[in-house]
> 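Structure below; questions to follow.
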Amino acid sequence: MKLYHILNTKQFNVHILEELFTLASEMEKKDKAGRLTPSLKGKIVATVFYEPSTRTRFSFEAAVQKLGGAVISSESASHFSSAIKGESLSDSIRVLGNYADAIVLRHPKKGSAELASSVSPVPIINAGDGSGEHPTQALLDLYTIKKELGKIDGLKIAVLGDLLFGRTVHSLLNLLSLYKGLKVYLISPPQLGLPKEHKAYVKQKGMDIEERADMENTLSDIDVLYVTRIQGERFESKETYEQLKDSYVINRKTLKNLHDKAIIMHPLPRVTEITPDVDSDRRAAYFRQAKNGLYIRMALLDMILNST
Ligand code: NCD
């Protein structure tokens with residue numbers, strides 16, 4: 001299977017994931033030994049972000065540069081690109097595709113990456129399309145689970161927080177649905193549950209899911225606790241956000257019930273849902289997870305840009 005556009009997680013299978021994870025792990029080893037090959041030499045990658053980002057944009061840009069490529073970038077494209085003059089996303093993409101060999105795009109509108117891919121002369125990598133998907137985050141999330149726990153099949157995983165708007169959860173669940181024997185607890189306030197059609201999709205793929213509002217009683221039964229931020233920017237009512245934003249707080253005390261070998265993940269940024277006193281707990285994997293993003297994105301770019 002050849003990778004070209006990366007628009008959503010439904011385009012992956014276990015075989016390609018394994019290939020990507022092997023390459024990411026090689027990238028990490030070579031990087032640590034100072035022996036990376038400049039496989040993106042002569043390539044230009046455009047990072048075009050219409051929404052804020054820290055990890056995704058910086059890790060993509062670092063990935064390109066570590067592999068000898070160059071980056072052109074708009075970190076605030078809604079203000080500093082011609083979007084402010086009224087140019088459509090399609091027109092901007094058509095033009096940028098003449099300057100770059102691939103475009104990494106983040107945009108507030110669901111479906112924007114797909115739209116971009118329909119006019120782009122070069123590969124589009126979806127770095128988050130509104131509340132839709134964030135496929136490269138899910139790739140690094142899955143890679144982290146595999147690296148930390150040695151397997152994915154058969155795990156018990158709780159995803160917690162904003163399952164309605166949280167695009168990282170949407171993408172992660174799709175990838176997890178490719179694996180066998182998983183038990184997945186969906187923990188959210190009732191108003192922020194996983195969309196119905198998404199539940200139906202993972203169920204139909206054979207995933208055993210169970211919705212719960214209560215976190216405490218689930219902790220003793222899981223291998224992975226995947227925490228997400230309540231996505232304030234996607235709420236229509238500020239009041240509702242205020243009511244829900246502190247629905248779950250993980251601190252040292254709550255973690256007493258989580259077993260020793262379990263891991264705590266978060267795509268970051270965290271706000272109040274994990275208190276900083278958890279950071280020094282060895283089960284807290286979220287900063288290791290963020291680092292894995294660099295190697296996954298190196299591997300992904302290498303596979304996309306060097307597979308012709
Ligand atoms: C996430 C995103 O942008 O969806 N951040 C990230 O890319 N690591 C999660 C979030 O913003 O809550």
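Note that ligands are numbered from 1 as they come in the structure, with each ligand's atoms numbered from 1 the same way.
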> Can a side-chain donor-acceptor contact be found between T254 and N251 if the only test is distance below 3.5 angstrom?
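Their side chains do contain a donor-acceptor pair, which is all the 3.5 Å distance test asks for.
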> Should the heavy atoms of other residues, nucleotides or ligands under 6.0 Å from NZ of K147 be counted, would the total exceed 12?
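Yes - once you tally the heavy atoms of other residues, nucleotides and ligands closer than 6.0 Å, there are more than 12.
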> Are K199 and E211 within salt-bridge range, i.e. N to O under 4.0 Å?
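A salt bridge links K199 with E211.
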> How about E236: does its CD atom have over 12 heavy atoms from other parts shown lying under 6.0 Å from it?
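No, not enclosed.
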> What are the two closest heavy atoms between M27 and L67, and how far apart are they?
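Of all heavy-atom pairs spanning M27 and L67, the closest is SD-CD2, 3.9 Å.
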> Is the positively charged end of K196 above the ring of Y201, judged by distance under 6.0 angstrom from the centroid and angle within 45° of the axis?
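No, K196 does not sit over the ring of Y201.
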> Which N/O atoms of ligand 1 sit under 3.5 Å from a protein N/O, and at what distances?
from, atom 1, to, atom 2, distance (Å)
ligand 1, 3 (O), R106, NH1, 3.4
ligand 1, 3 (O), R106, NH2, 3.2
ligand 1, 3 (O), R167, NH2, 2.9
ligand 1, 4 (O), R167, NE, 2.7
ligand 1, 5 (N), L268, O, 3.0
ligand 1, 7 (O), T56, OG1, 2.9
ligand 1, 7 (O), R106, NH2, 3.1
ligand 1, 7 (O), H134, NE2, 2.8
ligand 1, 8 (N), Q137, OE1, 3.1
ligand 1, 8 (N), P267, O, 2.9
ligand 1, 8 (N), L268, O, 3.0
ligand 1, 11 (O), R229, NH2, 2.8
ligand 1, 12 (O), R229, NE, 2.8
ligand 1, 12 (O), R229, NH2, 3.2
ligand 1, 12 (O), Q231, NE2, 2.9

